[in-house]
Structure formats: C-alpha cells, structure tokens
Amino acid sequence: MGNMRNVSEEWFQSLHSWHLDLFFIPTTLLTIVTLLANPVLLACILLSHTLCQETRYLLVANTLAADIVFLLLNLTTVVCNALSVEMLRLLCDLVSAATVTAYCCAILTVTLMVADTYVAVRWPLRYHDLLPLARTRRILAGVWVGAAMYPLSQVILMEVMGDNVRQRPAMCLVLISLGTMGGNTMVGVHLYFATGVFLCTFLILYCYIRLYMVTKTQGIWQSRYSRARVTLLAHGVLLLLYFGPGLVFTVELFLLRNERVSLDVRVWLNTVNMCVFTLLPRVCAPFLYGLRYREISDTVLHLLHRCWRPSQVTGV
C-alpha cells in the first residue's frame, strides 16, 4: 500500500464514483434518532439520586455517554468526507483515536453489564459490598483510561517520531489511519483488537454459562416468555450488534493491504459498516437497555409529565 495520501485519494475517488457519499443520509437520520433518546436517558440517570447509587444504572449511563461521543465523531467524519472537507493529519489522527476509544469503551461497558448481572445473581447478599458506588466509579474511570491508552499512545508516538510520510489525507477514516501504519505498528493494532475481543468474549461466555448453571434449577427458564429468557435475548441481540461491526472492521484491516480484493469492495464494506452497522446497536441500546429498566422508564415518564403540565397550564 502507498502512504496515507495516496490511499485516501484512491478511496475518495471510488467512494464518489459509486455515490456512496449519499450514505451520510441514513447516518444522519440514525444519529439524530439516537441523540434524541440518549441524552434524555443519561440526564434522567445522572439527575436522579436513587439511580446514581445503582451500579447497573451507572453502567447504562456510561454506555450511553460513550455512544454519544462515538456518534458525534462518526457523524463528523462521514459529513466531512461526503462534503470533501480535508482534515489536518493530526486532527484526523485525534478524531480516529477518540472514535476508537469511544467504541471500545462502549464494548467494555456492555461486557461489564454481563459481569454485573452475574455478580448480582451469584452473590445477591454481598452484591453491594462487592460493588460499592466508589468502586464502580473507579472501574468506569479505568475503562475510559484503558480504552484511550493505546489509541492515544499511537498518535503521540507518531508525532514524536515525526512521521512525515503520513501526509494530510484526502479523507479521514479510522480504517485508513490505522491501516497505513508501519508493519510493527500494525501487528500491535491487531494484537490490541484480538486481545480485547478474546477477553470480552471469554468473560461474557463464562458469566452466561455460570448464570445458567446457577439458575437452571429455579424454574425461571421453563416459560418461553419468562423475564429471564427475554432479558437474555435482549442482551444477546445487543451484544451481537455491538461486537459485529468490530469484527467486520478487523476483516477490513486485513483486506486493506490485500491487492487481490477490489478497492470498490473494500470501500463498500467500510461505508456500510461505518454508516449503518456501527449505528444499529446505538439506536437499539436506549430501548433494550435503557427503557427496559422500570426505574428509568418511570423517571422518563415523570420528567415528561413535569414538562407537559407547565405547557398545559401556560396554554390555559
């Protein structure tokens, strides 16, 4: 592969020749729908003293916050590329690093939700001792630091080394920013994503298997539409939607340097993944994780009721 400038110019030509820049329309619509729901749910959790004391709601809030950051950065990238707005190389690298950080933070938090459910079911009497509020906040802070450490360290390393080969890109894409790095750096990128996927998958499978073994004698799985089955289905769907785009992105990294695969195929795959697949879990999350909790839905309804009543009084 050539340097970043050459790769992004070829990518830009293919993108506009297929009119794939029109994908910014569904991206914008899905982002707007999500940004209408996420801040409301996030505000309800953070402004409620009761909800802020619960680990599961703080995990939901952290997921919503990470999704908001990801959506804003992703929409900025898509719109700039569609309108042919070139970013400075350093700005593009920072946006790419922040996008990876937000995505990884959401994945890690969703994984922690599964672990939290396991701890709550496995040790219900010791749950608050194992996960007090202060420890939960430290864990969430550690999630953000851990998610940001590797992407930001790569940006700093490239700036310190003065990599002049990586010129100002014609398009700013996370795939191109990561895929045009040196050979040793690319090995680190693959190890970073592979390690994260392995650890999260192992923890999720372990928690679900142990949960089933602990609860199978309690009769909660006998009914086809039991709350346990519905909850497991909702979690499974959302986990699949969150992890799916990351696995597709890993395939994209391999295909980026594979000259036997048509450039148009690579451009199509990246565009659909970035503009549709990565947004689906974020559209579903407020409803599968947020409003399914009775306390959150009641808080939202109470907030809407308070906002609706003054308007009625004013109208009268």
Side-chain angles (χ1 to χ4, degrees), residues 1-16 20-21 23-24 27 66 69-107 147-194 196-197 245-259 261 263 266-275 277-278:
M1 295 293 293
N3 60 33
M4 178 185 283
R5 181 72 190 186
N6 295 336
V7 174
S8 60
E9 284 180 349
E10 294 174 0
W11 203 278
F12 177 83
Q13 294 172 3
S14 178
L15 183 77
H16 285 273
L20 297 182
D21 49 313
F23 265 94
F24 85 91
T27 301
V69 174
F70 176 86
L71 289 168
L72 292 175
L73 294 173
N74 186 70
L75 181 62
T76 300
T77 302
V78 171
V79 171
C80 286
N81 292 335
L83 299 179
S84 305
V85 177
E86 293 189 9
M87 289 188 188
L88 295 174
R89 179 177 60 84
L90 177 58
L91 179 60
C92 177
D93 290 341
L94 289 174
V95 169
S96 299
T99 302
V100 173
T101 298
Y103 185 89
C104 293
C105 184
I107 290 289
M149 188 176 298
Y150 184 79
L152 290 179
S153 66
Q154 291 303 309
V155 174
I156 295 172
L157 181 62
M158 287 183 293
E159 289 301 313
V160 171
M161 293 178 61
D163 191 355
N164 296 321
V165 176
R166 302 178 69 251
Q167 303 168 359
R168 179 171 179 164
M171 292 184 63
C172 182
L173 288 175
V174 175
L175 178 64
I176 295 178
S177 297
L178 295 179
T180 53
M181 292 179 177
N184 293 333
T185 306
M186 279 302 301
V187 173
V189 170
H190 288 299
L191 287 176
Y192 171 74
F193 285 110
V197 170
L247 297 177
V248 174
F249 181 78
T250 303
V251 174
E252 292 179 52
L253 283 175
F254 283 105
L255 295 181
L256 184 65
R257 295 176 176 268
N258 191 341
E259 299 291 347
V261 179
L263 176 63
R266 287 175 276 168
V267 172
W268 266 96
L269 181 61
N270 176 260
T271 302
V272 174
N273 192 39
M274 183 175 66
C275 296
F277 292 162
T278 58

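Every value quoted in this text rests on a predicted model; they were computed, and no experiment measured them.
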Do the side chain of [X] and the main chain of [Y] share a donor and acceptor less than 3.5 angstrom apart?
| X | Y | answer |
| --- | --- | --- |
| Tyr150 | Phe193 | no |
| Arg266 | Val261 | yes |
| Ser84 | Cys80 | no |
| Ser96 | Ser177 | no |
| Ser14 | Glu10 | no |

Decide yes or no for [X] and [Y]: does some side-chain heavy atom of the first lie under 4.5 Å from some side-chain heavy atom of the second?
| X | Y | value |
| --- | --- | --- |
| Asp93 | Arg89 | yes |
| Asn81 | Phe12 | no |
| Val197 | Tyr192 | no |
| Thr99 | Val69 | no |
| Val95 | Thr76 | no |
| Phe249 | Leu178 | yes |
| Phe70 | Cys104 | no |
| Leu20 | Phe23 | yes |

Check your understanding: So do Cys172 and Cys92 have their SG atoms closer than 2.5 Å?
Key -> yes

Calculate, to the nearest 0.5 Å, the distance between atoms [atom1] and [atom2] belonging to [X] and [Y] respectively.
| X | Y | atom1 | atom2 | answer |
| --- | --- | --- | --- | --- |
| Leu15 | Leu173 | CG | CG | 8.0 Å |
| Ile176 | Glu9 | CD1 | CD | 10.5 Å |
| Leu175 | Leu256 | CG | CG | 5.0 Å |
| Met171 | Thr77 | CE | OG1 | 9.5 Å |

Point to revise | Exercise: identify the closest heavy-atom pair between Cys275 and Thr27 | key: CB-OG1, 3.0 Å

Practice item. Please identify each residue that fulfils ring pair (Phe, Tyr, Trp, His ring centres under 6.0 Å) with Phe254, with sequence neighbours left out. Key: His190

